Amino acid sequence: TKLAQNVSIIAAMGRPLTEGMHVRQTKAEFTAALDEAIKALWCASTAIPTRMLQGMKMASADGFFAALDQRGALEKNSDAESAWTALQERIITDPSFNGTRIMGASLCEATVCRELNFTTLAIYLWEKKNVVPFLCMNEHLGKEANGVRLIKDSSRVDRVILKATANSVYGIKMRSVICSANSKGIYSAVKQQFGIGKRILQAGLVPIMQLEVDIHSETKAGCEALLLDELLRFSDKLLSSEKIVLWLTLPTKANMYLTLLGHPNIIRVVALSGGYDFGSSCELLSKNVGMVAGFARALLEKAEKAPPEDFSRVLEGACQGIYTVSCSTAKERMSAKLAKQRGLIVSLDHAGSAAQTILADYGLDVTDPEEILDELHGIRTRMATNPKFNGSRIIAVVLHDDTMARQIGSLLPTKFFWEKTIVTFLSVSTGLSPESDGVQLMKDEGKVHR
């Protein structure tokens, strides 16, 4: 038990291995006891804690988020508490609702500790469905001021944190609403959420920051531009260990939030349907590469309106449809990043005299060709592994073919940089032919093919 609680430490034990053995055991009994002991120690040596498994799923799995903290059309009928409870349980227990396509689900405070199949709803989601559970703070928003509605009572956060930790959830979702493009108001909304987020992080949980831009706002695009700038500014101030999830309204301009996808402190950028219907939500999301769905109304409207005999079929279709538009290939994400993201391309392909100049400026006097390449790779590795060298502002790097043949840390350069959401290009060093007709052509075109 103690070994399983210590990640990356493996067993080197004698007595625990022999505890179940006895000289009078038959060969079959001895074999069974030995096998059981080895399996137990192996499991403890390779155990991964729940939060680490949830973190891995959040960071790398394909899929979408189900916002089960909102009631869809049932919000119009506040008396239908039992109907909402029944619908929520029916969705969660349906075979199509599982971790194969769904990464996480947010639950409201009233339901997170409700019992389902002899356990709490949050634990059921993780242990039975492999879906990461979140707790959503009950909405208590102030009146609109400076174009935003802020969280009214932030003093409740500590009580919500206690409830979250008691019910084994991964993080806490909070919500503010942006109504108009007011820079002062948007700054205050982002500042408030990051302030609360710090308290959530200190409790060992992940903050999910929902900054909802009103889809009916006449200045929606302007709101999103101001919001992007503030989110980048506040994310840059986080410590390297502080990770967050952003839950944002589908933007007016496609791929508006690509810059956020490459930020080292941002685990995911989740798309909020924000009142769009199912078809519109899926269509808009398909134009925003890298964002994943975090739909409430768009998911619930399908399940809610389904006849009882068609419920599973309709929910299956909705889950598959949302999953499909939430997934994109690496090639698609790279193409979108190159076409749409604001940023720069870094050239790391220097060679020859240019390389010697760089080394001299760096304080190294090197003349041996092999040593030059080694030192250059050292500089490039030092830059690349720095947390500030990331895909939030760097779109791509151009690499020398020598760098492509080496590793950065334990990874090949292409994999290393794409984990930072930075696209890689290879510079082919062919050398140039003497000038002819006013130009210098590549010397060895065959090298391009090689």
Side-chain angles (χ1 to χ4, degrees), residues 228-229 232-233 235-241 258-266 330-331 333-450:
L228 174 61
D229 289 340
L232 281 172
R233 191 151 69 91
S235 296
D236 284 343
K237 296 177 182 179
L238 294 172
L239 301 175
S240 60
S241 60
L258 271 175
T259 306
L260 299 172
L261 298 174
H263 200 285
N265 294 92
I266 299 173
K331 185 85 174 281
R333 293 196 295 274
M334 289 178 187
S335 297
K337 187 176 178 77
L338 289 166
K340 301 292 184 180
Q341 183 178 324
R342 297 182 300 173
L344 66 141
I345 294 175
V346 178
S347 178
L348 298 176
D349 61 335
H350 301 91
S353 59
Q356 285 186 291
T357 301
I358 289 172
L359 290 174
D361 291 342
Y362 191 64
L364 296 173
D365 183 16
V366 183
T367 56
D368 178 74
E370 289 299 320
E371 194 174 349
I372 287 173
L373 292 175
D374 289 342
E375 294 294 349
L376 277 173
H377 186 67
I379 296 173
R380 292 163 181 162
T381 299
R382 188 177 183 186
M383 285 194 299
T385 54
N386 190 286
K388 296 298 181 184
F389 196 98
N390 62 69
S392 65
R393 293 182 175 86
I394 299 171
I395 299 170
V397 292
V398 183
L399 302 179
H400 189 274
D401 53 3
D402 175 74
T403 303
M404 295 289 282
R406 298 173 182 253
Q407 289 188 327
I408 300 178
S410 60
L411 300 174
L412 292 172
T414 48
K415 183 172 177 58
F416 175 86
F417 283 111
W418 186 237
E419 287 196 353
K420 290 194 163 197
T421 70
I422 297 174
V423 180
T424 51
F425 289 96
L426 170 62
S427 174
V428 183
S429 304
T430 64
L432 297 176
S433 301
E435 182 181 336
S436 175
D437 298 325
V439 298
Q440 287 183 276
L441 301 179
M442 288 188 293
K443 186 183 290 183
D444 180 10
E445 290 186 46
K447 187 173 183 180
V448 176
H449 299 293
R450 294 195 296 273

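Treat the numbers as computed from the prediction; the structure is a model and nothing was measured.
Counting heavy atoms from C-beta outward, L232 and L228 have side chains that approach closer than 4.5 Å. Between V346 and M383, the closest side-chain pair of non-hydrogen atoms is not below 4.5 Å. Contact check for I345 versus V397: no side-chain heavy atoms found under the 4.5 Å cut-off. In this structure the side chain of L399 reaches within 4.5 angstrom of the side chain of M404, judged on heavy atoms. Inter-residue side-chain proximity for R342 and I395 is flagged as unmet; no heavy-atom pair is nearer than 4.5 Å.
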Which atom pairs, donor and acceptor, lie under 3.5 Å between side-chain atoms of residues 435-442 and protein residues at least two apart or in another chain?
residue	atom	partner	partner atom	Å
Q440	NE2	S433	O	3.2

Donor-acceptor list for residues 416-426 side chains, cut-off 3.5 Å, not counting sequence neighbours:
residue	atom	partner	partner atom	Å
K420	NZ	A384	O	2.6
K420	NZ	N386	O	3.0
K420	NZ	F389	O	2.8

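Distance check: Q356 CD to D365 CG gives 9.0 Å after rounding to the nearest 0.5 Å. Rounding to the nearest 0.5 Å gives a distance of 5.5 Å between CG of D236 and NZ of K388. Here NZ of K340 is found 12.0 Å from OG of S335. Values are rounded to the nearest 0.5 Å. Rounding to the nearest 0.5 angstrom, the gap separating the CD1 atom in I394 from the OG1 atom in T259 is 12.0 Å.
In plain terms, the two heavy atoms of K443 and L432 that are nearest each other are CE-O, 3.4 Å. Closest non-hydrogen pair, P264 versus P387, comes out as CG-O, 3.9 Å. Heavy-atom minimum distance, G262 versus N390: O-OD1, 3.7 Å. Nearest heavy-atom pair across A355 and I372 is CB-CG2, 4.2 Å. Closest approach of H377 to Q407, counting heavy atoms only: NE2-O, 2.9 Å. Of all heavy-atom pairs between S347 and H350, the closest is O-CE1, 3.3 Å.
Crowding of K331 atom NZ: a count of heavy atoms from other residues, nucleotides or ligands under 6.0 Å not exceeding 12. Counting non-hydrogen atoms of neighbouring residues, nucleotides and ligands closer than 6.0 angstrom, the CZ atom of R382 reaches no more than 12 such neighbours. By the neighbour-count criterion of 12 heavy atoms within 6.0 Å, atom CG of D361 is densely surrounded, having more than that number from other residues, nucleotides or ligands.
Side-chain atoms of Q341 come within 3.5 Å of backbone atoms of S392 as a donor-acceptor pair (strictly under, hydrogens ignored). Side-chain atoms of H263 do not come within 3.5 Å of backbone N or O of R393 as any donor-acceptor pair. Although no hydrogens or angles enter the test, the distance criterion places a donor-acceptor pair under 3.5 Å between the side chain of N265 and the main chain of L239.
Checking R380 against T403 by side-chain atom types alone, a donor-acceptor pair falls below 3.5 Å.
A salt bridge links R406 to D402: at least one charged side-chain nitrogen sits closer than 4.0 Å to a carboxylate oxygen.
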### Task
Output, in order, the C-alpha distance, side-chain angles, deciding distance and verdict of side-chain contact (heavy atoms from CB on, under 4.5 Å) for L376 and H400.
CA-CA 10 Å; L376 277 173; H400 189 274; over 6 Å; no
